[in-house]
Amino acid sequence: MTTQTPSLTLAEAIFPQTGLALRVKQLVLVVAGITALILAAKIKIPMFPVPMTMGTFAVLSIGAAYGARLGLATILGYMLIGALGFDVFAGSSAEVSGVTYMMGGTGGYLVGYVLAVLALGALARQGWDRARGKMALALVLGNVLIYVPGLIWLTVLYGVDAPILAWGLTPFLLGDLVKLALAALLLPALWSLVGRARN
């Protein structure tokens with residue numbers, strides 16, 4: 001019986017892969033990833049019916065590029081900074097932040113971020129981030145993993161009679177489709193650049 005050799009993630013394939021240099025690279029990537037998550041959460045692009053933020057794009061891309069372990073360290077670092085009261089989330093502000101904000105309507109989606117990073121990292125380990133079709137499918141799964149706990153938590157907060165889908169799903173689908181397409185193109189393109197650099 002044969003077993004499939006796990007693929008390298010994009011983060012593993014570039015720059016140092018052993019020793020102290022590897023640890024430095026990982027630290028730099030975590031800091032860069034947290035910074036990207038903060039910036040992406042605050043970007044608002046005009047779109048119908050609601051402005052599009054780039055938070056889920058950053059979450060899913062980091063999961064695929066970093067792998068499950070490094071991606072998890074990055075997303076948990078981001079959450080910790082948010083829990084300490086810093087204004088790092090899409091809807092947080094100087095007035096509403098920290099654990100209070102995280103336990104509000106966005107709480108389930110933040111749980112979904114963690115699940116999505118783990119799933120995208122695991123699928124990248126199987127090489128799904130190197131082909132557009134598989135990457136697109138992985139991103140759809142990642143979006144589902146973000147939405148399901150998000151919608152469940154909204155239902156817990158506001159009850160089954162509240163218009164949960166109208167609040168937490170349908171206004172964001174068009175923007176998510178755009179972000180999915182961008183990420184599905186980005187990761188395979190980066191792999192192509194890595195392949196050319198090695199040749």
Side-chain angles (χ1 to χ4, degrees), residues 30-66 68 71-123 136-184:
V30 168
V31 172
I34 291 172
T35 303
L37 287 166
I38 294 170
L39 294 175
K42 296 303 181 182
I43 293 173
K44 289 189 177 180
I45 301 171
M47 179 170 282
F48 178 83
V50 294
M52 179 176 71
T53 66
M54 297 303 288
T56 54
F57 173 82
V59 167
L60 296 171
S61 296
I62 286 171
Y66 282 18
L72 181 62
T74 303
I75 196 70
L76 291 181
Y78 170 66
M79 301 267 185
L80 177 60
I81 292 171
L84 292 173
F86 292 93
D87 179 15
V88 299
F89 301 121
S92 61
S93 65
E95 292 76 30
V96 183
S97 61
V99 175
T100 301
Y101 175 81
M102 296 174 74
M103 293 302 293
T106 196
Y109 297 100
L110 295 177
V111 172
Y113 278 8
V114 176
L115 298 177
V117 163
L118 292 173
L120 267 291
L123 292 173
L137 185 58
L139 292 165
V140 170
L141 174 61
N143 271 295
V144 170
L145 289 173
I146 291 171
Y147 275 117
V148 168
L151 295 172
I152 290 172
W153 183 240
L154 286 176
T155 303
V156 169
L157 290 178
Y158 301 108
V160 294
D161 294 329
I164 299 301
L165 295 181
W167 289 351
L169 176 65
T170 52
F172 307 104
L173 290 178
L174 180 58
D176 283 344
L177 182 62
V178 172
K179 288 180 281 186
L180 186 151
L182 288 174

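- In this structure, CG on Leu72 lies 15.5 Å from OH on Tyr113, to the nearest 0.5 angstrom.
- Results of the side chain to side chain contact (heavy atoms under 4.5 Å, CB included) test with Ile34 over Leu76, Ile62, Thr74 single out Thr74 as the only residue that passes.
- Heavy atoms only, all atoms of each residue included: Ala119 and Leu145 are closest at CB-CD1, 3.4 Å.
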Hey, can you pull the donor-acceptor pairs under 3.5 Å for the side chains in residues 42-51, sequence neighbours left out?
residue	atom	partner	partner atom	Å
Lys42	NZ	Asp87	OD1	2.6
Lys42	NZ	Phe89	O	2.5
Lys42	NZ	Ser92	O	3.3

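- Here the straight-line distance linking atom CG of Leu137 with atom CG of Leu141 works out to 7.0 Å at 0.5 Å rounding.
- Taking each heavy atom of Ala122 and Ala68 in turn, the nearest pair found is N-CB, 4.3 Å.
- Taking the side chain as every heavy atom from C-beta outward, Val59 and Tyr78 never approach each other to under 4.5 Å.
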*Tell me, with the steps shown, if Ile152 and Val148 meet side chain to side chain contact (heavy atoms under 4.5 Å, CB included).*
CA-CA 6 Å; Ile152 290 172; Val148 168; 3.8 Å; yes
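- Between Met79 atom CE and Leu37 atom CG the span is 8.5 Å, to the nearest 0.5 Å.
- Contact between Ala116 and Ile146 at its shortest, heavy atoms only, is CB-CG1, 3.7 Å.
- The structure places CG of Asn143 at 6.0 Å from OG1 of Thr56, a figure rounded to the nearest 0.5 Å.
- With sequence neighbours excluded, the residues forming a side chain to side chain contact (heavy atoms under 4.5 Å, CB included) with Ala40 are Met54, Ala58, listed by chain and number.
- For the atom pair CD1 of Ile75 and OH of Tyr66, the computed distance is 11.0 Å after rounding to the nearest 0.5 Å.
- The main-chain N or O of Gly82 is never found under 3.5 Å from a side-chain atom of Tyr101 such that the two would form a donor-acceptor pair.
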*asked:* Could you go through Phe57 and Leu182, starting from their C-alpha distance and side-chain angles, then the distance that decides it, and tell me whether this counts as side chain to side chain contact (heavy atoms under 4.5 Å, CB included)?
replied: CA-CA 8 Å; Phe57 173 82; Leu182 288 174; 3.8 Å; yes
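- Between atom CG of residue Leu60 and atom CG of residue Leu120 there is a gap of 5.0 Å, rounded to the nearest 0.5 Å.
- Remark: side-chain polar atoms of Trp167 are not paired, donor with acceptor, to backbone N or O of Leu151 under 3.5 angstrom.
- A 4.5 Å side-chain heavy-atom check between Leu154 and Tyr109 finds at least one atom pair inside the cut-off.
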